[in-house]
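Here the structure is laid out as structure tokens; the discussion comes afterwards.
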Amino acid sequence: MSIRINVLDHVMVPDHQAMSEEEVQALLARYSITFDQLPKVFHDDPGVRQVNGKVGDVVRIIRQSHTAGIAEAYRLVVRRPKK
Amino acid sequence: MPSPKRIGKIKFGLLSPKEIRTMSVRKIIWADTYDDDGFPYPQGLMDLALGVIDPGLRCKTCDQKAADCPGHFGHIELAKPVIHVGYTRLIRKLLRVTCRACGRLLLSPDEIKKVSITAEDELGGDVLTEKDIKKERSCPHCGEQQLKVNFEKPTTFSEVLLEDGKKNEHKLTPADIRARLERIPDSDLKLLGINPDVARPEWTILTVLPVPPVTMRPSIILENGQRSEDDLTHKLVDIIRINQRFKENQDAGAPQLIIEDLWELLQYHVTTYLDNEVAGCPPARHRSGRPLKTLSQRLKGKDGRFRGSLSGKRVNFSARTVISPNPNLSVTEVGIPLSIAIEMTVPVRVTAYNLEEMREFVLRGPERKSLKVPCGANYVIRPDNRRLRLGGDNLETIAEQIEPGYTVERQLRDGDIVLFNRQPSLHRMSIMAHRIKVMDGKTFRLNPAVCPPYNADFDGDEMNLHVPQTEEARAEAAILVAVQENILSPRFGGPIIGGIHDHISGIFMLTHDLRWFTKSEILYLLKYFEFEHLPEPGKVEEDGTPMWSNKQVFSMILPDGLNMVFRASSCINCDECKYTDCERDAFVRVIDGQLETGTIDKKSIGAFDGAILNRIIRQCGMDRASQFIDDMTRLSIRGIMIDGFSFGIDDEDLSKTEYGQIEDELSKAKDDVDRRIRIFQEGQLEPMPGRTPEETLEMQIMQVLGKARDRTGEIAGRHLGLGNSAVLMAVSGARGSMLNLTQMAGCIGQQSVRGERIMRGYEERTLPHYKRGDRGADAHGFILHSYKSGLSPTEFFFHAIGGREGLVDTAVRTSQSGYLQRRLINALQDLKVAYDGTVRTTMGRIIQFKYGEDGTDPMKGSFGDPVDVKGLVESVLKEEV
Ligand SMILES: [Mg+2]
Ligand SMILES: [Zn+2]
Ligand SMILES: [Zn+2]
Ligand SMILES: [Zn+2]
């Protein structure tokens, strides 16, 4: 049996949050972009799995930055292509 | 001219035999090219229907002359099918995943569903792979037992038959393979990521070969009047000859063995025609022995069609020559030879305001006998875009003629802005805009202080120069690309331009400790520095001569109101810093633009460090900073010239005492090593945790010998003080290190390969000069001589081994980083920062939500930090915090 660990607890893994529908709409409006212009992340990414992100969800990733304090990024969950 | 058209879509697929025959204008059957009269044979490789290259002839297909005929394809009917080398991997995959009898995919409908759940999108390329199919099973559709398919490079396929326990290989002919591929149904191909409408798999086996138009394989006529054919034509001749022979033998009913041989030969020629660098296939050669450049070789590699022709960038208005240094130029200038200034031009539109000036340019014409003659003009462009070459007797006529609306192409003159570049252009500072200064000689001249960003030296380096042709280009060059705008590197947020070598030695010698200069000396030092008044003399001699200190001289080039406190490169980080009382004068204190204590060296003004330079940029701006670099380089060159500076072989001499001490030290170390080896051999050596006794011994020996080497350096250093040029250069940071000096005067030390003592060579020894199993210092590459004293033959050999490793490392590193750079640039070249601060692709896809995650310019930060808080506080408090 493998031990399930929460990857988000690791110091080097930035915080991941699944975003709500309204938040995503606001995000797309803020940058005036369409859904597929967002950066991507694979559905089986450990951080994404931890927050239960499904294909089509958008995940907010909050990083601690040396120069900016906090830097937020948003990624669209996509299926990892075969091979 | 036809209007440019927009490309709607591009479809990729295979050419079917039918398509090849449809697009062909002539069936080619003769291997000959031209007859005795030099006229192309009909149905030969140079048939007039395939297009024309000789001027005067007309194309039989489109009836146009050589210049207008685009060329037309022909075709060769192959006697038997052959495999296209480019598709062998696809063929192998298809043979392995489909049934050898019925051609269906070797999966039941259920299995297909399980393996390809994601067939939702049509584009999903490699849906099924070889791995999804179990080996040597029987077909789920017809029950046929499958055989293992072997592939041997370049184009051989065979089936493995199991006959009474023995493995038996049975070769598949291209015809067999083609028959099998034909049986694969369209519906199964879709699951394999193949669109059967444009790419039926049997089309990867050629039955008919397209013959490219003569326009893409023109023959050239040599000086002796002989025709020389293109490599492709040569190869096509081979193919047609073999094809012909094959057909004849076939019709005559030749034995199977001969047929097979000919078939293989045909396959070889078609393979090398397509790609002459396939693994497992000897390249086809020209009579001279040179490998032929066939289709694939035209496309591949650095000089291929893609990297060489299509994305290759070639420009006009550029010049290239050797570079050489000139410390009297400003860093923002570049000296160019008169011959280049005459050849290159800037277009100037004639207006009512510059009409007279333009007339003078035109009257002077293209000739320019010396530097003193003002620039002339080479061309005049009339309003109807007609270009008139100036020269001879037309100067006056054209000068009369010009009026507003004309354009004059004026020669370069002092102050024109140009882009200056040195390859490999790895960062943005590899191209900077300089102002021209026309000079004698044949080289580009530049201030040695701009060498670091270009990574240039003067051992024969060449550089390129580009002349912007429009007002917009000149404005961009002046505002964004100018040297003074690029003093700070975005790589680390500090100055990359600054003093090097002699600048640092000079400024160190000038500012070290306290020295006094008379008025004439100080005026000599400041000859090229513009100032109105000398400062108050620092002291007056008893005889009444006013004297100025060296620190006062340096302070003259500093901006007012500059406050800084830091330690120079020459600081040795004493346990207890004596600050301003430092006996090495390494504590730099600048108050209100006056250097109070400390020596100026690499830390203050050097490229990559430049603490003072950095502060001037932040406090007074880029222009003042470039002014400071100019003043500093000129002052330091004059500073070094007061005393003079040189280095010779006897600067490495030590006295008898030191040589004795060094010898003692080295023999002591040798004894220590021998003692440890004895302990090891007696099995008394206590291994370090996690190490074998051997490893422990090696580490101890390395340590002892390393220490001994350093000790010899200390002995040498004790004898050689700042009066020694090498010591001065090492201490000031100008060039070299104390280690270099140690190796010159003391002892070179251990040579190593991959961080270990040299172990390779013969059985249990490095050289036959030593006993087997000798673990001593000299048997494994310890050099106890110095470069000055010279090496013994064995030492020299070990030194060559150690030196080679360094060379190989650099060679490997440059090629690897070059490839990495190419890939990075290809991936990043079209990204841009949008007005909302996001980084996007040209399609608007977001790469970063804020440029660099913080939206700041890395150039404007301070060595990785957003703001240099410590420096700012120190500047206000005027003391160290
Ligand atoms: Mg060089
Ligand atoms: Zn034509
Ligand atoms: Zn079958
Ligand atoms: Zn000190």
Side-chain angles (χ1 to χ4, degrees), chain A residues 8 11-20 22-45 47-49 51 53-83, chain B residues 89 93 112-133 191-193 490 492-493 827 831-869:
Chain A
L8 300 186
V11 279
M12 295 184 76
V13 179
D15 193 18
H16 289 58
Q17 296 167 1
M19 289 169 76
S20 71
E22 297 79 62
E23 283 177 313
V24 173
Q25 285 314 317
L27 176 74
L28 297 185
R30 175 142 54 99
Y31 291 103
S32 47
I33 49 171
T34 56
F35 218 53
D36 53 322
Q37 285 174 320
L38 282 168
K40 314 282 189 289
V41 64
F42 289 143
H43 72 286
D44 57 353
D45 180 282
V48 172
R49 271 204 285 199
V51 297
K54 295 278 169 282
V55 172
D57 288 353
V58 178
V59 177
R60 180 193 288 119
I61 298 162
I62 302 158
R63 298 197 180 94
Q64 302 298 316
S65 161
H66 176 65
T67 45
I70 285 176
E72 282 188 13
Y74 313 92
R75 285 176 180 272
L76 174 64
V77 181
V78 294
R79 176 168 297 283
R80 182 189 291 275
K82 241 183 106 182
K83 208 172 42 171
Chain B
R89 301 192 66 163
K93 176 181 168 186
I112 291 175
K113 223 178 238 166
K114 217 193 290 170
V115 180
S116 59
I117 4 158
T118 53
E120 56 205 32
D121 59 331
E122 279 287 295
L123 305 163
D126 304 283
V127 188
L128 274 176
T129 63
E130 276 175 61
K131 280 178 196 140
D132 293 321
I133 280 138
L191 294 167
L192 292 160
F492 49 85
L831 302 187
K832 63 167 189 179
V833 181
Y835 280 107
D836 62 357
T838 54
V839 180
R840 296 183 187 230
T841 66
T842 46
M843 297 299 289
R845 271 187 48 218
I846 291 187
I847 302 298
Q848 283 183 338
F849 286 90
K850 210 168 192 187
Y851 169 71
E853 294 195 336
D854 56 15
T856 60
D857 183 347
M859 200 169 94
K860 301 283 159 58
S862 164
F863 293 95
D865 286 324
V867 182
D868 179 18
V869 179

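Proteins get letters first, then strands, A, B, ... in listed order; numbering begins at 1 in each.
- Among all heavy-atom pairs drawn from A:Tyr31 and B:Arg840, the shortest one is O-NH2, 2.9 Å.
- When every heavy atom of A:Pro39 is checked against every heavy atom of B:Ile846, the shortest pair comes out as CG-O, 3.4 Å.
- The two residues B:Met843 and A:Gln37 come nearest to each other via the heavy atoms O-NE2, 3.0 Å.
- Dense packing is recorded around NZ of A:Lys40, with more than 12 heavy atoms of other residues, nucleotides or ligands lying under 6.0 Å away.
- Between B:Phe849 atom CZ and A:Ile61 atom CD1 the span is 9.0 Å, to the nearest 0.5 Å.
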